[in-house]
Trainee: 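The following block contains the structure, expressed as structure tokens.
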Amino acid sequence: TPYATTVLTTGPGDRGLDFDNDNDFINSGAIAQNDNFMNLYLGHFTALTDGDYGFRINAEDDSGELWLDLDQDEVFEAAGAFGNEKLVADNARNMVTKTLLAGRYRFAVTQREGGGGSQIDARFQTPQMSAEAVVKPGDPSQAGLWSYELPAASFRTDYTSSTVQV
């Protein structure tokens, strides 16, 4: 059960999806503790034109991932019709570029905190941008790129696991 559901518009300190410490997370209203929590930022990204789009996580503590529903079926898949939709995994700082057709794509960033400091900083770049920017849905310069719906009462999660004996 989630502690809370909040809507990210401008983010902490008006920085967008750029949380630098425990207080940033607590002050967002999404959590109430310093350690042992997870966050899911879920919405849609709209590619306004066909072209190459870049995505990356600039910083995360303890871990973070970035997902984009490349086949636009509203399901994040490790083996989707256009490949792995987990574009960025833990500690990968490089910009991942994907050629997208104009349209709407489900987008997610996850962040997990075990102990100590906490952080997540998600960035993107469209073909029209000269430099990357932090995801900031409330920024007028990003108008039309980000949208969300309130989450349904329940979520379906499928896990695949394997057992390794040593």
Side-chain angles (χ1 to χ4, degrees), residues 1-48 53-70 72-78 85-93 95-96 98 100 103-126 129 131-159:
T1 303
Y3 171 78
T5 301
T6 62
V7 176
L8 176 73
T9 54
T10 59
D14 199 35
R15 296 188 313 271
L17 211 168
D18 178 9
F19 290 71
D20 288 338
N21 54 53
D22 292 335
N23 285 333
D24 282 351
F25 289 99
I26 291 170
N27 292 336
S28 75
I31 65 160
Q33 62 206 45
N34 288 341
D35 296 321
N36 301 311
F37 63 85
M38 292 183 74
N39 285 296
L40 170 65
Y41 303 90
L42 182 65
H44 286 91
F45 172 75
T46 300
L48 299 177
Y53 290 77
F55 300 91
R56 79 182 185 107
I57 293 179
N58 185 51
E60 82 269 5
D61 184 2
D62 291 333
S63 68
E65 296 177 346
L66 188 150
W67 293 76
L68 189 67
D69 179 23
L70 299 171
Q72 297 174 289
D73 65 357
E74 296 294 310
V75 177
F76 296 115
E77 302 160 289
E85 296 177 338
K86 179 168 53 172
L87 302 186
V88 180
D90 291 339
N91 299 310
R93 300 280 189 265
M95 181 74 72
V96 175
K98 292 292 180 180
L100 303 178
R104 189 171 163 217
Y105 298 81
R106 184 164 290 284
F107 174 87
V109 171
T110 64
Q111 182 268 341
R112 181 188 59 78
E113 167 60 8
S118 56
Q119 184 176 29
I120 191 73
D121 176 350
R123 299 180 180 226
F124 76 106
Q125 187 169 358
T126 70
M129 296 167 64
E132 68 182 34
V134 174
V135 172
K136 188 176 175 186
D139 187 329
S141 70
Q142 296 180 24
L145 297 176
W146 307 104
S147 60
Y148 73 95
E149 294 88 30
L150 293 176
S154 64
F155 294 93
R156 180 181 143 212
T157 306
D158 296 326
Y159 293 98

Trainee: Identify which one of Phe45, Tyr105, Phe124 satisfies the ring-ring contact (aromatic ring centres under 6.0 Å, His included) criterion when paired with Tyr53.
Mentor: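 Among the candidates, only Phe45 passes.
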
Trainee: How far does CG of Asn34 sit from CG of Asn21, to the nearest 0.5 angstrom?
Mentor: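 It comes to 9.5 Å.
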
Trainee: Which heavy-atom pair separates Gly117 from Asp22 by the least distance, and what is that distance?
Mentor: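 Smallest heavy-atom distance, with atoms named: C-OD1, 4.2 Å.
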
Trainee: Can you find a heavy atom in the side chain of Val96 that is under 4.5 Å from one in the side chain of Leu66?
Mentor: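 Sidechains of Leu66 and Val96: no contact.
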
Trainee: Of the non-hydrogen atoms in Phe19 and Ser28, which two are nearest, and what is the gap between them?
Mentor: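 Distance-wise, the nearest heavy atoms are CE2-CB, 3.8 Å.
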
Trainee: Got a second to check how far Leu100's CG is from Leu48's CG, nearest 0.5 Å?
Mentor: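 Here the rounded value is 11.0 Å.
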
Trainee: Could you give the distance from CD (Glu85) to CG (Leu70), rounded to the nearest 0.5 Å?
Mentor: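 So the gap between those two atoms works out to 5.0 Å.
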
Trainee: Is the backbone of Gly114 close enough, under 3.5 Å, to the side chain of Asp62 for a donor and an acceptor to pair up by distance?
Mentor: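 Yes, because the side chain of Asp62 sits within donor-acceptor range (under 3.5 Å) of the backbone of Gly114.
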
Trainee: Output, in order, the C-alpha distance, side-chain angles, deciding distance and verdict of side chain to side chain contact (heavy atoms under 4.5 Å, CB included) for Arg15 and Lys136.
Mentor: CA-CA 7 Å; Arg15 296 188 313 271; Lys136 188 176 175 186; over 6 Å; no

Trainee: Which heavy atom of Lys98 sits nearest a heavy atom of Leu87, and at what distance?
Mentor: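 Heavy atoms of Lys98 and Leu87 come nearest at CE-CD2, 3.6 Å.
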
Trainee: Do Glu60 and Glu113 pass the side chain to side chain contact (heavy atoms under 4.5 Å, CB included) test, and can you show the C-alpha distance, the side-chain angles, and the key distance before you say yes or no?
Mentor: CA-CA 9 Å; Glu60 82 269 5; Glu113 167 60 8; over 6 Å; no

Trainee: Grab the two heavy atoms, one from Thr46 and one from Arg104, that are nearest each other, plus how far apart they are.
Mentor: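 Looks like OG1-CG, 4.1 Å.
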
Trainee: Judged by modelled atom types alone, do Gln72 and His44 share a side-chain donor-acceptor pair under 3.5 Å?
Mentor: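 Side chains of Gln72 and His44: no pair found under 3.5 Å.
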
Trainee: So if I apply the ring-ring contact (aromatic ring centres under 6.0 Å, His included) rule between Phe107 and each of Tyr41, Trp146, Tyr148, which one comes out positive?
Mentor: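 Running ring-ring contact (aromatic ring centres under 6.0 Å, His included) over Tyr41, Trp146, Tyr148 with Phe107 returns exactly one hit, Trp146.
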
Trainee: I need the Leu17 CG to Arg123 CZ distance, nearest 0.5 Å.
Mentor: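 Nearest 0.5 Å value for the CG-CZ distance: 11.0 Å.
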
Trainee: If you define the side chain from C-beta out and look only at heavy atoms, does anything of Val75 sit under 4.5 Å from Arg106?
Mentor: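 They are not in contact (no side-chain heavy atoms under 4.5 Å apart), so the answer is no.
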
Trainee: Quick one: are Ile120 and Asn39 in side-chain contact, heavy atoms under 4.5 Å?
Mentor: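 Not in contact.
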
Trainee: Minimum heavy-atom separation for Val134 to Asp18, with atom names?
Mentor: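 Between these two residues, the closest heavy atoms are CG1-CB, 4.0 Å.
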
Trainee: How many angstroms lie between atom OG of Ser118 and atom CG of Asn23, to the nearest 0.5 angstrom?
Mentor: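 So the gap between those two atoms works out to 8.5 Å.
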
Trainee: Tell me the closest heavy-atom pair linking Gln111 and Asp61, and the distance in Å.
Mentor: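 Closest heavy-atom pair between Gln111 and Asp61: NE2-O, 2.9 Å.
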
Trainee: Can you tell me if Asp35 uses its side chain to pair, donor with acceptor, with the backbone of Gly116 under 3.5 Å?
Mentor: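 Flag set: sc Asp35 to bb Gly116 pair under 3.5 Å.
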
Trainee: Say you draw a straight line from CG of Asn27 to OG1 of Thr6; how long is it, rounded to the nearest 0.5 Å?
Mentor: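 Between atom CG of Asn27 and atom OG1 of Thr6 there are 11.5 Å.
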
Trainee: Passes side chain to side chain contact (heavy atoms under 4.5 Å, CB included), Val135 versus Val109? Steps please.
Mentor: CA-CA 10 Å; Val135 172; Val109 171; 5.9 Å; no

Trainee: Mark yes or no for whether Arg112, through its side chain, and Met38, through its backbone, hold a donor-acceptor pair below 3.5 Å.
Mentor: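 Not a single qualifying donor-acceptor pair exists.
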
